[in-house]
K.L.:
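One structure is given below, represented as structure tokens, and several questions about it will come after.
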Amino acid sequence: MKKMICAAVQMASGPQVGSNLLEAGRLVKQAAAAGAKLVVLPENFAIMGMTETDKLGVAESDGSGPIQEFLAGAAERHKVWLVGGTMPMCAGDGRVRASCLVYDDHGRRVGRYDKIHLFDVVVPGTEETYRESQTIEAGTEPLVLDSPFGALGIAICYDLRFPELFRRMAEQGLDLLAVPAAFTARTGAAHWEILVRARAVENLCYTVASNQGGFHLNGRETFGHSMVVDPWGKVLASLPTGAGIVCAEIDRERLAQVRASFPVLEHRRLHCA
């Protein structure tokens with residue numbers, strides 16, 4: 001598939017899984033109607049709890065559960081490849097994995113990525129404190145999988161700040177990067193667009209970044225500005241805030257031309273271990 005439309009879904013998820021799945025389903029349908037063949041949901045699309053421990057109560061075992069059934073069904077029903085944001089998957093120590101599940105257009109699961117870098121920070125200039133490691137167990141392995149759109153890599157939110165992860169993906173042939181996220185309003189205003197565009201430029205890949213965007217019932221505000229970026233760093237489409245979709249065309253021939261004329265990836269002298 002040389003050209004195709006991809007879509008980044010933006011939400012302002014709340015604490016009720018059922019309501020969030022209804023909203024996600026509506027937006028996936030809208031993206032498919034706009035011609036999208038790849039749809040990326042944001043981080044925490046299924047639940048943004050009132051407390052950090054709320055996710056533990058809706059965590060699913062790998063292979064079964066309403067969130068996984070929703071993702072498989074939506075992918076098959078709308079004939080799209082669906083990157084399932086993140087959902088809480090049971091881990092062995094009472095915590096969960098922040099898992100991104102990828103389904104093909106037949107509703108078959110083709111990949112799982114567990115968030116590697118956990119957001120344990122105090123946001124500068126605010127009283128916002130996050131300790132994801134208290135409820136989330138970190139993943140260990142990057143994911144790049146074969147798809148009709150090229151080699152598809154997955155990263156999640158805070159991962160964006162660790163370029164060595166993306167260099168590892170580039171060594172695995174990365175063509176298209178999907179980034180589900182829930183950037184805070186403060187950190188998003190400072191760094192979201194810079195980071196998304198930088199990852200596209202330095203790895204000469206298309207990037208589809210789906211962010212939470214708005215005010216949440218738990219009092220949190222997320223930055224939005226979901227976007228699709230081309231390998232030259234151009235923002236092809238963006239949505240500032242609120243629920244909706246962002247669609248743009250990805251052109252694999254253009255990707256090949258950019259890489260042939262500007263072969264940065266071939267000029268590397270240092271490589272990830």
K.L.:
V246 versus Q10: any side-chain heavy-atom pair under 4.5 Å?
P.N.:
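In short, these two side chains do not touch, never coming nearer than 4.5 Å.
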K.L.:
Hey, any chance V228 and V258 share a hydrophobic cluster, counting ILVMFWY side chains that come within less than 4.5 Å of each other, even indirectly?
P.N.:
no
K.L.:
Passes side chain to side chain contact (heavy atoms under 4.5 Å, CB included), T86 versus K115? Steps please.
P.N.:
CA-CA 9 Å; T86 65; K115 186 178 183 180; 5.7 Å; no
K.L.:
CZ/R186 to NE2/H191 distance, rounded to the nearest 0.5 angstrom?
P.N.:
11.0 Å
K.L.:
Less than 3.5 Å apart, any donor N or O on the side chain of K55 or T135 sitting next to an acceptor on the other?
P.N.:
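Judged by distance alone, the side chains do pair up.
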K.L.:
Which pair of non-hydrogen atoms, one from E23 and one from A243, has the smallest distance, and what is that distance?
P.N.:
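Of all heavy-atom pairs spanning E23 and A243, the closest is OE2-CB, 3.3 Å.
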K.L.:
Counting only N and O atoms by type, is there a donor-acceptor contact under 3.5 Å from the side chain of D114 to the main-chain atoms of T140?
P.N.:
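Not a single qualifying donor-acceptor pair exists.
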K.L.:
What do the steps show when you test L118 against Y130 for side chain to side chain contact (heavy atoms under 4.5 Å, CB included), and what is the final call?
P.N.:
CA-CA 9 Å; L118 301 182; Y130 298 89; over 6 Å; no
K.L.:
Under 4.5 Å between any side-chain heavy atoms of W192 and L160, yes or no?
P.N.:
yes
K.L.:
Please enumerate all residues that pass ring-ring contact (aromatic ring centres under 6.0 Å, His included) together with Y158, with sequence neighbours excluded.
P.N.:
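Per chain and number, Y158 pairs via ring-ring contact (aromatic ring centres under 6.0 Å, His included) with F119, F162.
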K.L.:
For residues Q134 and E52, is any side-chain donor paired with an opposing acceptor at under 3.5 Å?
P.N.:
no
K.L.:
With a 4.5 Å limit on heavy-atom distance, are the side chains of R259 and D175 in contact?
P.N.:
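Heavy-atom side-chain distance check passes, below 4.5 Å.
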K.L.:
Does one hydrophobic cluster hold both W232 and V264, with members joined at side-chain heavy-atom distances below 4.5 Å?
P.N.:
yes
K.L.:
So, the side chain of Q68 versus the backbone of S64: is there a donor-acceptor pair under 3.5 Å, distance only?
P.N.:
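Pair found, side chain donor or acceptor close to backbone of S64.
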K.L.:
Whether D62 and R109 form a salt bridge (side-chain N of Lys/Arg under 4.0 Å from carboxylate O of Asp/Glu) is what I want to check.
P.N.:
yes
K.L.:
Side chains of I5 and K37: closer than 4.5 Å at any heavy-atom pair?
P.N.:
no
K.L.:
List, by chain and number, the other hydrophobic cluster members for L71, where Ile, Leu, Val, Met, Phe, Trp and Tyr join if side-chain heavy atoms come within less than 4.5 Å, directly or indirectly.
P.N.:
V9, M11, V17, L21, L27, V28, V39, L41, F45, I47, V58, I67, F70, V80, L82, M87, M89, L101, Y103, I245
K.L.:
Please name the residue in the list E137, E132, E141 that meets the salt bridge (Lys or Arg N to Asp or Glu O under 4.0 Å) test with R97.
P.N.:
E137
K.L.:
Search all heavy atoms of A237 against all heavy atoms of A248 and return the closest pair with its distance.
P.N.:
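Reported closest heavy-atom pair: CB-CB, 4.4 Å.
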K.L.:
Can any side-chain N or O of N44 pair as donor or acceptor with the backbone N or O of A182 at less than 3.5 Å?
P.N.:
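Answer holds: no.
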K.L.:
Can you confirm whether the side chains of T187 and T184 place a donor and an acceptor under 3.5 Å from each other?
P.N.:
yes
K.L.:
Before giving the answer on side chain to side chain contact (heavy atoms under 4.5 Å, CB included), spell out for E171 and R268 the whole-Å C-alpha distance, their side-chain angles and the decisive distance to 0.1 Å.
P.N.:
CA-CA 11 Å; E171 290 175 351; R268 288 176 296 153; 3.4 Å; yes
K.L.:
Which atom pair, heavy atoms only, marks the closest approach of P180 to G85?
P.N.:
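Closest approach of P180 to G85, heavy atoms only: CB-CA, 3.7 Å.
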K.L.:
Do any N or O atoms from the side chain of N211 and from the backbone of F183 form a donor-acceptor pair under 3.5 angstrom?
P.N.:
yes
K.L.:
Taking atom OH of Y113 and atom CD1 of I156, what is their separation to the nearest 0.5 Å?
P.N.:
5.5 Å
K.L.:
What are the two closest heavy atoms between G213 and A12, and how far apart are they?
P.N.:
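Closest approach of G213 to A12, heavy atoms only: O-CB, 4.1 Å.
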K.L.:
Report the distance from atom CG of L204 to atom CZ of R199, rounding to the nearest 0.5 Å.
P.N.:
13.0 Å
K.L.:
Ignoring hydrogens, what is the shortest heavy-atom contact between M50 and D54? Give both atom names and the distance.
P.N.:
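Shortest heavy-atom separation between M50 and D54 comes out as N-OD2, 2.8 Å.
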K.L.:
Decide whether L145 and L38 are clustered together by the hydrophobic rule: side chain heavy atoms of Ile, Leu, Val, Met, Phe, Trp, Tyr closer than 4.5 Å, transitively.
P.N.:
yes
K.L.:
Any carboxylate oxygen within less than 4.0 angstrom of a Lys/Arg side-chain nitrogen, looking at E76 and K79?
P.N.:
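Looking at K79 together with E76, the answer is no, because their closest N to O distance does not fall below 4.0 Å.
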K.L.:
Just by distance, do the side chain of H216 and the backbone of E221 share a donor-acceptor pair under 3.5 Å?
P.N.:
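Not a single qualifying donor-acceptor pair exists.
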K.L.:
Out of curiosity, I250 CD1 to K3 NZ, how far, rounded to the nearest 0.5 Å?
P.N.:
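It comes to 12.5 Å.
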K.L.:
Taking the side chain as every heavy atom from C-beta outward, state whether M48 and R220 have any pair of such atoms under 4.5 Å apart.
P.N.:
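In short, these two side chains touch, coming nearer than 4.5 Å.
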K.L.:
For a quick test of your reading: what N or O donor-acceptor pairs under 3.5 Å do the side chains of residues 146-154 make, sequence neighbours left out?
P.N.:
{"residue": "S147", "atom": "OG", "partner": "F149", "partner atom": "N", "Å": "3.1"}
{"residue": "S147", "atom": "OG", "partner": "G150", "partner atom": "N", "Å": "3.4"}
{"residue": "S147", "atom": "OG", "partner": "G150", "partner atom": "O", "Å": "2.7"}

K.L.:
Is the shortest distance from a Lys or Arg side-chain nitrogen in E164 or R167 to a carboxylate oxygen in the other one below 4.0 Å?
P.N.:
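No, E164 and R167 are not salt-bridged.
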K.L.:
Are D230 and R254 close enough that some pair of their side-chain heavy atoms sits under 4.5 Å apart?
P.N.:
yes
K.L.:
Kindly say whether R95 contributes a backbone atom to a donor-acceptor pair with the side chain of D93 at under 3.5 angstrom?
P.N.:
yes
K.L.:
Do the side chains of F166 and V201 join up, straight or via other hydrophobic residues, at under 4.5 Å, putting them in one cluster?
P.N.:
no
K.L.:
Tell me, do M227 and V196 make a side-chain contact under 4.5 Å, heavy atoms counted?
P.N.:
yes
K.L.:
Write down the atom of A200, the atom of V229, and the distance for their closest heavy-atom approach.
P.N.:
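Result for this residue pair: CB-CG1, 3.8 Å.
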K.L.:
Any chance you could measure E202, atom CD, to L265, atom CG, to the nearest 0.5 Å?
P.N.:
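Interatomic distance, E202 CD to L265 CG, rounded to 0.5 Å: 9.5 Å.
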K.L.:
What verdict does the side chain to side chain contact (heavy atoms under 4.5 Å, CB included) test give for M4 and L176, after you've listed the backbone C-alpha separation in whole Å, the side-chain angles of each residue and the deciding distance to 0.1 Å?
P.N.:
CA-CA 12 Å; M4 65 98 179; L176 173 61; 3.9 Å; yes
K.L.:
Quick one, E193 and V235 - any side-chain contact, counting heavy atoms below 4.5 Å?
P.N.:
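Result yes, sub-4.5 Å side-chain heavy-atom pair found.
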K.L.:
Between L143 and I116, is there shared hydrophobic-cluster membership here, with clusters defined by ILVMFWY side-chain heavy atoms closer than 4.5 Å?
P.N.:
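Linked within one cluster.
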